[in-house]
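Only one structure is covered here, and it is reproduced in the block below.
What's counted below: heavy atoms across the whole structure, side chains too, no hydrogens, waters or symmetry copies. Labels below follow one simple rule: chain letters A, B, ... track the order of the sequence lines, proteins then strands, and each chain is numbered from 1.
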Number of protein chains: 2
Amino acid sequence: MNKVRGRRAGSPDTRAQILEAARDRFLSGGYAGTSMRAIAADAGVDVALLSYHFSSKQGLFAAAMELPVRPGELIEHALDAPVEQWPGRILRTVLRVWDDPEIGPVLAQTVLVSATQERGAGGFVEFLETELLGRIRGRLAGRDADARATGVLMSIAGLLMARYVVKVPSVAAKSSEEIVRIVTPSIAIHLRGARLRDQSA
Amino acid sequence: MNKVRGRRAGSPDTRAQILEAARDRFLSGGYAGTSMRAIAADAGVDVALLSYHFSSKQGLFAAAMELPVRPGELIEHALDAPVEQWPGRILRTVLRVWDDPEIGPVLAQTVLVSATQERGAGGFVEFLETELLGRIRGRLAGRDADARATGVLMSIAGLLMARYVVKVPSVAAKSSEEIVRIVTPSIAIHLRGARLRDQSA
DNA sequence: GACTTTATTCATCACCGTTGAGTCTATTGC
DNA sequence: GCAATAGACTCAACGGTGATGAATAAAGTC
């Protein structure tokens with residue numbers, strides 16, 4: 001802890017140090033389980049500085065959990081193929097991202113915080129509704145597009161929930177290829193016979 | 001607030017009043033969002049009394065959220081039928097329970113708390129693993145029993161997650177019969193051609 | 001009716017997130 | 001190259017949190 005008041009000499013990136021400490025703490029201890037004072041101590045900084053830079057604990061959490069990927073774009077890319085390939089492509093994309101030790105835990109924590117606080121940081125609900133469900137529904141043609149998309153959404157949500165958030169042991173223990181094998185039919189059955197909407201519009 | 005110290009005259013069921021106040025607060029404000037002091041105030045009681053009766057906030061939460069149903073038994077009953085009927089029976093059971101305004105919100109809160117604290121109150125993980133997955137797997141015969149059961153589990157988990165925990169609008173808005181129609185195939189496909197284990201053992 | 005057990009309050013603890021005031025350094029304008 | 005300003009940082013304090021131990025009063029037991 002620097003005992004001297006006022007701005008520090010040199011231009012040390014204190015902000016980055018705080019973010020790093022926050023990340024570690026939030027990932028290992030959860031949101032409620034980590035105190036700003038603990039983060040501040042790790043970063044060698046006064047607590048008040050965290051509020052100064054990020055204005056609140058929520059703000060700090062959001063900043064520390066910022067993702068190196070745009071999930072919406074990944075989904076978009078996975079859907080750039082014939083419907084028949086969607087299940088495999090979606091699943092492999094999702095698993096690759098969530099199994100990444102740099103990303104998966106961050107997403108899992110974000111989901112929890114987002115579900116816990118009614119107006120969640122990051123808005124996981126909005127992601128599911130807009131980025132995932134909306135995109136799938138938007139590409140499908142026909143009366144049953146909504147039902148199909150909803151089915152796909154729930155299949156993916158179940159995988160994520162069981163494997164990464166609640167961490168059911170027998171699901172978390174399986175290899176990603178085994179998961180692909182198991183979940184593929186759940187998704188595929190909703191897309192059977194589906195036709196894509198005309199893209200020329 | 002009773003100002004006089006010591007045991008109260010008569011034998012008022014203060015414990016029950018506390019539980020009622022706790023239930024209301026926890027359901028409307030979430031776990032982190034409700035303070036023991038608020039509950040105590042609602043119940044017209046000193047905070048310390050909550051710790052006395054339930055030893056901790058977690059203990060109070062667990063006591064207040066105790067369920068009027070044994071989910072394990074319901075699952076058991078749903079599975080007492082030919083495999084072909086499982087999807088419909090499981091889904092209708094699950095939806096009936098979770099759509100009940102007295103039960104669903106309690107379960108949703110419990111899931112969240114259970115996922116947030118590593119050793120969760122009530123142990124939702126254990127429920128999924130033992131009561132649900134274990135029971136299904138136990139009744140199925142054949143090499144792929146484990147994969148089948150896991151597939152069923154994830155389908156149900158996805159439904160619960162999307163509809164009741166994260167509350168994705170387009171999923172939560174649908175009628176329960178519509179949900180049944182959408183999710184049934186996801187579950188059925190994992191059970192297609194499955195055979196039950198010999199029960200005579 | 002004395003004694004023990006149970007239910008209750010009060011005072012206090014350490015910790016929490018946030019805020020305002022004060023202090024020092026870096027940057028900008030001349 | 002110096003003065004003014006803006007930015008980064010600490011300190012002290014606030015009200016709120018869950019928990020605990022001591023004091024007190026009623027209920028239960030013999």
Quiz item: Has the side chain of R137(B) got a donor or acceptor atom that lies under 3.5 Å from a matching backbone atom of A145(B)?
Solution: no
Quiz item: Can you tell me if W98(A) uses its side chain to pair, donor with acceptor, with the backbone of G104(A) under 3.5 Å?
Solution: no
Between the protein and nucleotides 16-19 of chain D, are there any N/O to N/O pairs under 3.5 Å, and if so, what are the atom names and distances?
from    : atom 1 : to     : atom 2 : distance (Å)
dT17(D) : OP1    : S35(B) : OG     : 3.4
dG18(D) : OP1    : M36(B) : N      : 3.4
dG18(D) : OP1    : K57(B) : NZ     : 3.2
dG18(D) : OP2    : M36(B) : N      : 2.9
dG18(D) : N7     : R37(B) : NH1    : 2.6
dG18(D) : O6     : R37(B) : NH2    : 3.3
dA19(D) : OP2    : K57(B) : N      : 2.9

Quiz prompt | Where protein sits on nucleotides 22-30 of chain D, one letter per nucleotide: B base, S sugar-phosphate only, - none, heavy atoms under 4.0 Å | solution = -BBBBS---
Quiz item: Could you state the CG-C1' distance from L50(A) to dT19(C), rounded to the nearest angstrom?
Solution: 14 Å
Quiz item: Between R163(A) and V171(A), is there a donor-acceptor pair closer than 3.5 Å when you use the side chain of the first and the backbone of the second?
Solution: yes
Quiz item: For L60(A) and dT18(C), what is the distance between atoms CG and C1' respectively, to the nearest whole Å?
Solution: 13 Å
Quiz item: Between dG7(D) atom P and Y52(A) atom OH, what is the distance in whole Å?
Solution: 7 Å
Self-check item: NZ/NE/NH1/NH2 to OD/OE distance under 4.0 Å, K167(B) and E129(A)
Solution: no
Quiz prompt | Test item: R92(B) side-chain N/O and E177(B) main-chain N/O as donor-acceptor pair under 3.5 Å | solution = no
Self-check item: Nucleotide dT19(C), atom C1' - distance to CG of L49(A) in whole Å
Solution: 14 Å
Quiz item: Within this structure, what is the CZ-to-P distance between F54(B) and dT8(C), rounded to whole angstrom?
Solution: 10 Å
Quiz item: Looking at E102(B) and R23(B), does any basic side-chain N land under 4.0 Å from a carboxylate oxygen?
Solution: yes
Exercise. Examine distances only and state if a side-chain atom of K174(B) and a backbone atom of A147(A) form a donor-acceptor pair shorter than 3.5 Å.
Key: no
Quiz item: Which of parallel (below 30°), tilted (30 to 60°) and perpendicular (above 60°) describes F26(A) and Y31(A)?
Solution: parallel
Exercise. Report yes if at least one side-chain N or O of T14(B) is closer than 4.0 Å to OP1 or OP2 of dA7(C); otherwise report no.
Key: no
Self-check item: Separation of dC10(C) C1' from D46(B) CG (nearest whole Å)
Solution: 7 Å
Exercise. Using whole Å, report how far NE2 of H53(B) lies from C1' of dT8(C).
Key: 8 Å
Exercise. Output yes when a side-chain donor or acceptor of R25(A) lies under 3.5 Å from a complementary backbone atom of M36(A), and no otherwise.
Key: no
